[in-house]
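Inspection log for the structure reproduced underneath, given as structure tokens.
Residue numbers start from 1 in every chain, and the chains themselves are labelled A, B, ... in the order their sequence lines are given, proteins ahead of strands. We use all heavy atoms of the structure for the numbers below, so side chains are in, but hydrogens, waters and symmetry mates are not.
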Amino acid sequence: MAIPFKGTKEQEEQLKAVIAAHKGEKGATIPVLHEAQDIYGYLPIEVQKMIAEGLGVSLAEVYGIVTFYTQFSLNPKGEHPIGVCLGTACYVKGSGDILEKLKSILKIDVGECTDDGKFSLDATRCIGACGLAPVMTIGDDVHGRLTVDQVDGIVKQYS
Amino acid sequence: MSDKVNMKINGIEISVPADYTILEAARENGIDIPTLCYLKDVSKTGACRMCIVEIKGARALQASCVYPVSEGLEVYTNTKKVRDQRRVTLELLLSDHDRKCLSCPRNQKCELQTLADELGVTDIPFEGEMNEYDIDDVSPSIVRDNNKCVLCRRCVNMCKNVQTVSVIDTMERGFKTKVGSAFDMNLADTACVNCGQCIISCPTGALREKDNTKEVWDALADENKVVIVQTAPAVRAALGEEFGYPMGTAVTGKMAAALRRLGFDKVFDTDTGADLTIMEEANELVERIQNGGKLPMITSCSPGWVKFCEHNFPDFLDNLSSCKSPHEMFGAIIKSYYAEKHGIDPKSIFNVSVMPCVAKKFEAGRPEMECEGLRDVDAVISTRELANMIREAGIMFNKLPDEEFDQPFERASGAGVIFGATGGVMEAALRTAADTLGGKSVEEIEYHGVRGVDGIKEATVNMGGMDVKVAVAHGLGNARKLLESIRDGKADYHFIEIMACPGGCVNGGGQPIVSAKDKMDKDVRVERAKAIYSEDKASKIRKSHENPDMIMLYNDYLEKPGSHKAHELLHTTYTDRGLF
């Protein structure tokens, strides 16, 4: 993985407390993963190992669960998380092409984060801005009525 | 006896135990239901939908492998609806399967191929996207090819629930679902112990051993090499199955003949190595007991178990016997004592071990397994690979005469033979330790308390006035249970035998593949062990220390068990490998 793990001692203590609170419960892995993702923002191998060892389940099982549910992320969010709406309205207005353009500019796939930690890319469901379709969000900013040609310039504003 | 229920299958009235599934009831009454994800005692998930049947009054077709029988149940296993749906399910499975059967190692031994034949699949009408996976062949023991995987999860259930090694699981979801290790690691980078139980659980060619036959063929063709082969006790108990003999037939003589015809310069028996292991291990046990050494002492013959211990129970590493496993010991003796005695340059010797095991491939590559820069063993092939070599060489196995092993090591004891079954190493060690501790030859040499297929066996043996408490565990899930009970202070023993594979080496990961159907009808562990125990019974010498080759070896070369020389050649060390 490109992004080095930057977990702090405080985060580790928090996670240990979460594991201790759930240990021995049936089906503890998923709630612990949720809380771990709240603590770290994502679930890298270092965190999954702590959970596996702490709960006495295998790393393979933990990873299997993380990759099964789309809410769990293996990659950190970037400084500027980008979301491209793939809801019906945006999609028919060409948000698929916007997404492809972003992938090629940032050289990452959906769910990933750039090596410098600046941008992460997600495909989202409808965000309720259908009137502005196609739409992408960067952080809290909404960019609507997009064309593929505009994407590069918009991303540059955040670089 | 459990209660019985009356039911009907295909209109025939039958009476079966109330705890049966429909699948078991049908099979017992001569009705075959196709299965794929079901594996007796290992995997029962109802996931593949091959075993679906029609049940009177039920809304949909039901998976018979998980459907319990009940009074008055009416089942139909062979209606048009059932047959059509099974076939469509199989066609869909095959539509995303790498169908290069001709070059697949499981060709003609593949349960998927057999199903396609039996269910009348003549065409795969579904064409669409196919998954493409890299083949993981980094491990020295196991190759995983997910392009051949049918997601039955038999390997996962074996690895996770039976062995509790848990380095593979299902990943991702939907069309992208696959079996693999966390973070797409190669098996070699995980805590995989290389037992290969996943291989013999797999219905297809998705899991196979790392093929080392090429190295062996190359060595055999090299005139400057002295190629020496040794075969483990469990190999003779199963090799015959590859050539049509019934399970449990010992083919020792034909195997020796076949090896000679393959061109090996010397054909030796790993049982001699096993006798040597007992000499050293029994001595180590007696010393630990008499001198207050670390107890319980645990056997170290099974490389799957050793690696499992190194990952999961590092606090028990001092309990492991320092003895190398029999084939490694024998390899070291061949390149030292034997080479010296016969004026052979040890550098020209190429040692081949035929093993029922794929973890032996990993073991042979461990850095500790060498002496003065010479590897103890140069190549390890499984029973299956030996069978392939015999076929490739055009040797008609069934027509071979029975031949002996080569001198000077042709006389292994019965104690060496039983190493191949769970409890065997323990029994062999007890035969020698009892004589040593008691100071006289003990007549009663069959220790039935440590035989059989119970997961954990315990016995107390009086030796020389002392009660020695022993335990035997086979299958790593049982080993885990046993060690945890010792860790928690709930049990204590003097001596423990642990084998990674359920049933011991006879059911090793390198043994001939037995289909899920055959496993429903017979217990592989029991049948193959019969061959082993009958060979022991027929042996004139049944104690390792009474083997004249051992007496000669120690007189000529090693002096006594545990000597400096013995330690140099025959003992090893272990490493804490961490949990992941």
Considering residues, nucleotides and ligands other than [X], do more than 12 of their heavy atoms fall under 6.0 Å from its [atom1]?
X         : atom1 : result
Lys93(A)  : NZ    : no
Gln157(A) : CD    : yes
Asp116(A) : CG    : yes
Phe126(B) : CZ    : yes
Arg487(B) : CZ    : yes
Tyr91(A)  : OH    : no
Gln14(A)  : CD    : yes

> Where does Lys160(B) contact chain A at under 4.5 Å (heavy atoms): side chain, backbone, both or neither?
Replying inline: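 The side chain, not the backbone.
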>> What part of Asn312(B) gets within 4.5 angstrom of chain A, counting heavy atoms only: side chain, backbone, both, or neither?
In response: neither
Distance (rounded to the nearest 0.5 Å) between [X] [atom1] and [Y] [atom2]:
X         : Y         : atom1 : atom2 : value
Phe68(A)  : Met171(B) : CZ    : CE    : 13.0 Å
Tyr63(A)  : Met185(B) : OH    : CE    : 9.0 Å
Glu61(A)  : Ile168(B) : CD    : CD1   : 13.0 Å
Phe183(B) : Gln48(A)  : CZ    : CD    : 3.5 Å
Leu59(A)  : Asp169(B) : CG    : CG    : 10.0 Å

> What closest approach, in Å, do Ala60(A) and Ser166(B) show between heavy atoms, and which atom pair accounts for it?
Replying inline: CB-O, 3.8 Å
>> Run Arg173(B) and Thr67(A) through side-chain contact (heavy atoms from CB on, under 4.5 Å) and show every step you take.
In response: CA-CA 7 Å; Arg173(B) 71 192 296 175; Thr67(A) 54; over 6 Å; no
